[in-house]
Every structure is written in structure tokens, then in C-alpha cells.
Amino acid sequence: MSEYKSEFLRELSWRGFIKQATHPAELDSYCMSGVPVAYVGYDATATSLHVGNMVTIMMLRHFQKCGGKPIVLIGGGTTKVGDPTDKDKSRPILTDAQIASNIEGIKSAYAKYLKFGDGPTDAVMVNNDDWLGKLGYIDLLREIGTHFTINTMIKQETVARRLESEQPYTFLEFNYLLMQSYDFLELFRSRNCRVQFGGSDQWGNIVGGVDLVHKVVGGSAFGLTCPLITTASGAKMGKTADGAVWLNADRKSPYEFWQFWRNTEDADVGRFLRLFTELPLDKIVKLEALQGSEINDAKIALANAATTLLHGEAAAKEAEAAAKAVFSAGASSDSLPTALVPQAELDAGMLVAAACTAAGLSKSNGEARRLIEQGAIRVNDEAVTDPNAKVSSADLKDGAIKISAGKKRHALIKAG
């Protein structure tokens, strides 16, 4: 559907959020009626969400700004099963304690993007363990089991891929579709929720919920998916050589978050400005038209806008200033990621390779040694070529040692 009438779908359309929609004309009408309600579900598989989750978070944010009521569903119950979607192997089974810890870790990011409260368009957060955990298995099967056929379920891409590769697809995972679909039915009944958002890899699960609502209660429900975001070079969004780009500041500092966006590939700048900022169309058009070295101004605008949404304007400005100090003047900055090393260890002398690993610039000392041999490591802006080189307290400048890997990754070592 090319021409939407609702403010929400028009906004999502020009920004590039829409991949698939069930009954788009009816969904468009629903988005203009009263206070529409929509949800996104996130399983608690880690202590933080990451940049890859931001697309659906931004969908909820736009939804709320356009007069809708967002529901954030934390999958405390479905995490016990593990979403098999797009996974070639079964997820590890987490304990109840691990799931509870992960839930606490991921809650904080939502408050940065959504307004929670008791108002008509205020967001609410629910945990599907509250209802899934109380369901007797036979009761669940009797209520919704007849609405799912094995014929349809085994046609799902994940199932077909597992069977083709002869990887096990457990009966536990096979139930995930039923559980996610039941979530939609529960939210439809209890909160009059009519829409589920998700990534396009969730299309089969979302359609399952839409169909279940229709079959069980005869209600109108809708699904809306966004494309799975990859970079221009084909990398999965939010994944770097150092691992996931987490949203929680204790796992990825505001400076590192800012730097991730600043390092965006040239071909991705316009698309990411649309998806991950709220800059208006006219400004984005001007920024994405920049060529040559001027495209760096667009990347800085992207980094500032994305970081401001999550960490606040002050953190974004501090990160930009730190980057300018490091890159332009070769100076150090307290905003850089910092690793604390025992004073005694620095006094005795610490391998540069170990310092790189402690600072998060390498995954292991072996990798750090290879970087040193390649000439990619600098200490206090001086190149290091000896893989057995050491740093010590004598290298402290203003209380810190600056370690750099390549031109864009920097960290500090301090005595602690």
C-alpha cells in the first residue's frame, strides 16, 4: 500500500520501517481511530538490548508520538522456551534466576525512548510469564491447540532449515509459535491490543497471533514488520568486531555508542538517519546529499541524534568533544572507555597486549599481539611494534595511559 492516511504509517513509510503488513488498509484505518494499541515482545536472553532491537523500539516511539498506546512485552515466559526463529541451533536454556536478572537489565532502556505511566497513551510494560506461567499445559492445548496445524507449522523457514541441515528442532521450541500467538490473544482480551510490531523474521509468529485472535474471538488484529537491518557491507546491524552494541551504559559507554554511529558506512548514513533519529525529512535530505569529506558532518549528526535519544544531549556533546580531542589533537579524554588496573600491576609493568585486552580493544592477548605486529596499536599516540612490550606507572599521563587500536578505537588504562 503506497498511500497511507494515518500519520503513524506515513511516518513509518518514508522512514523505511515497513516491510510487511496484514490487511494494510484496515490497519491504516485503525491507526486513525481513538487510541490504537500495539505491542512488541522482547525475550530476556541478555542483560541488555542492543542496537539491533532499536528498530522496533523506534516503531513504538513513533507510535506513541502519533497518539498510540505502546505495550512493551517482556518475554519472561517465552524465554524459558527460547525463540527458534532464524536460529540454526537451539538456544541454551536459561535458569529462572538468569531470566529475572536479564529482565532487570533490559528494563532501563525503554524509559529513554517511551513515556510510561497511567495516561491513555502512556506506555505499559507487561511480562508474559504472568499468564503463561499460570496456564496448565492441557488447558492451553485445549483452548488454542486446534487452531494450529502441523502442516503449517513445519513450513516455517526455521523448521525447514533445521530439518534440511539435520539439526535437532526440539518439541519445546515447536511450542514457541503457540505461546507467542497466545500472548497476542491475551493482550487483545485484557488490553484491547490490536497490533503487533516485529522484525520480518517474526512474520510467521505474528501472523499466527493475528489468525488466533480472529479464530478464537472473531476480532480484528494486525501485524506490522520492519526489515531486518544489515549494513551496506552485509554485516548484521548492531554487531561489531567487539561484539554487540548494547544499549545499557554499563555494557557500552555513551562514547562507544556515539563512536559506533560515527563509524557508519557512507552508504548507510541516509537510511540510518531515517531509522534511528527523529530528524525531519528536509534535514535528512540535506545531510545524505553531502559528498566527500563532508559526509563526516552527516555521520556526526547521526551520532549526536542517536546518542541524545538514549543517553541525553549532554552525553552526546561530551562524546563528540572527546572524539574531537582524540582524533584532532591526539589528546586523551576522560569520556573514553576506561579499565582499572591494580597499581601494583602497573608498577611491575604490564604487557601492552594484556592492557589492550583489559581495555576491551582485543578479545585476547593473542589477538592483541597480532594487532601489535601489524602496527595497529599505539600507547599514548606512539606506535608499539614489540608484542612483548610493556606499560608501567611511568607511562601514566594525567593519571591515565591511552591505548589505541587503529585510528578509531581508543581506551584508557588507570590505576585502581
Side-chain angles (χ1 to χ4, degrees), residues 17 22 35-50 52-64 68-86 91 94 96 98-118 121-135 140 144 175-213 216-217 219 221-226 247:
F17 280 94
T22 64
V35 179
V37 185
Y39 88 98
V40 176
Y42 306 88
D43 278 352
T45 55
T47 57
S48 170
L49 297 177
H50 55 75
N53 301 120
M54 279 184 61
V55 186
T56 49
I57 294 175
M58 290 299 291
M59 290 175 77
L60 284 179
R61 182 177 172 88
H62 287 299
F63 185 67
Q64 186 174 49
K69 185 178 184 67
I71 297 176
V72 176
L73 184 147
I74 303 294
T78 42
T79 304
K80 296 176 182 179
V81 173
D83 185 359
T85 305
D86 201 33
R91 288 183 181 273
L94 301 180
D96 288 350
Q98 287 173 316
I99 293 172
S101 176
N102 289 347
I103 289 173
E104 289 305 309
I106 66 179
K107 278 182 177 179
S108 60
Y110 296 108
K112 309 291 181 67
Y113 293 97
L114 301 172
K115 179 182 181 296
F116 286 86
D118 299 324
T121 64
D122 288 347
V124 295
M125 185 175 291
V126 297
N127 184 339
N128 65 11
D129 195 42
D130 291 344
W131 54 84
L132 293 177
K134 297 175 182 177
L135 285 172
L140 173 66
I144 70 171
N175 282 268
Y176 193 90
L177 171 60
L178 276 69
M179 296 176 71
Q180 183 169 322
S181 299
Y182 189 84
D183 286 343
F184 203 165
L185 178 62
E186 167 66 24
L187 292 177
F188 181 92
R189 286 168 164 168
S190 63
R191 298 180 180 271
N192 197 28
C193 178
R194 301 293 183 94
V195 191
Q196 181 182 0
F197 303 152
S200 58
D201 60 336
Q202 291 292 321
W203 179 247
N205 291 335
I206 292 174
V207 170
V210 169
D211 288 344
L212 184 63
V213 169
V216 174
V217 295
F222 310 97
L224 182 68
T225 69
C226 57
L247 300 187

Seminar exercise, completed: Here the gap from Met125 atom CE to Ile106 atom CD1, rounded to the nearest 0.5 Å, amounts to 7.5 Å

Exercise. Does the side chain of Phe17 come within less than 4.5 Å of Met58's, by heavy atoms?
Worked result: yes

For this session: Please tell me if the side chains of Thr56 and Gln202 come closer than 4.5 Å, counting only heavy atoms from C-beta onward.
Result: no

Problem set entry | Closest heavy-atom pair and its distance - Asn127, Gly77 | OD1-N, 4.0 Å

For this session: Begin with the C-alpha distance, continue with both residues' side-chain angles, and end with the deciding distance and a verdict on side chain to side chain contact (heavy atoms under 4.5 Å, CB included) for Val124 and Lys69.
Result: CA-CA 8 Å; Val124 295; Lys69 185 178 184 67; 4.0 Å; yes

Exercise. Could you give the distance from NZ (Lys112) to CD1 (Ile57), rounded to the nearest 0.5 Å?
Worked result: 11.0 Å

Seminar exercise, completed: Nearest heavy-atom approach of Ser181 to Gly208 is OG-C, 3.3 Å

Exercise. Quick check: does any side chain N or O of Thr225 sit under 3.5 Å from a backbone N or O of Trp203, one acting as donor and the other as acceptor?
Worked result: no

For this session: Would you give the length of the straight line joining atom CG of Asn205 to atom CE of Met179, rounded to the nearest 0.5 angstrom?
Result: 11.5 Å

For this session: State the CG-CD1 distance between Asp201 and Ile206, to the nearest 0.5 angstrom.
Result: 8.5 Å

Seminar exercise, completed: Arg191 meets the side-chain hydrogen bond (donor to acceptor under 3.5 Å, both in side chains) criterion, sequence neighbours left out, with none

For this session: For residues Ser48 and Leu247, report the shortest heavy-atom separation together with the two atoms involved.
Result: OG-N, 3.4 Å

Exercise. What heavy-atom pair brings Phe184 and Arg194 nearest, and what distance separates the two atoms?
Worked result: CZ-O, 3.5 Å

Problem set entry | Closest non-hydrogen atom pair, Cys193 against Tyr39 | SG-CD2, 3.7 Å

Exercise. What residues form a side-chain hydrogen bond (donor to acceptor under 3.5 Å, both in side chains) with Trp131, not counting sequence neighbours?
Worked result: Asp183

For this session: Verify, without hydrogens or angle tests, whether Asn128 (side chain) and Gly76 (backbone) share a donor-acceptor contact under 3.5 angstrom.
Result: yes

For this session: Evaluate the side-chain proximity of Gln196 to Leu187: yes if any heavy-atom separation is below 4.5 Å, no if none is.
Result: no

Problem set entry | Whether Gln64 side chain and Thr121 backbone form a donor-acceptor pair below 3.5 Å | yes

Exercise. Do the two ring centres, one from Tyr42 and one from Tyr110, sit under 6.0 Å apart?
Worked result: yes

Exercise. How many angstroms lie between atom CG of Leu224 and atom CE of Met59, to the nearest 0.5 angstrom?
Worked result: 4.0 Å

Problem set entry | Heavy-atom side-chain contact between Phe63 and Pro36 under 4.5 Å | yes

For this session: Taking Thr22 for its side chain and Gly223 for its backbone only, find out whether a donor-acceptor pair lies under 3.5 Å.
Result: yes

Seminar exercise, completed: Rounded to the nearest 0.5 Å, the CG atom of Leu178 sits from the CG atom of Leu135 at a distance of 11.0 Å

Exercise. Do you know which two heavy atoms are closest between Ala38 and Leu60, and how far apart they sit?
Worked result: O-CD2, 4.2 Å

Exercise. For Thr45, does its backbone N or O pair with a side-chain atom of Asp43 as donor and acceptor, under 3.5 Å?
Worked result: no

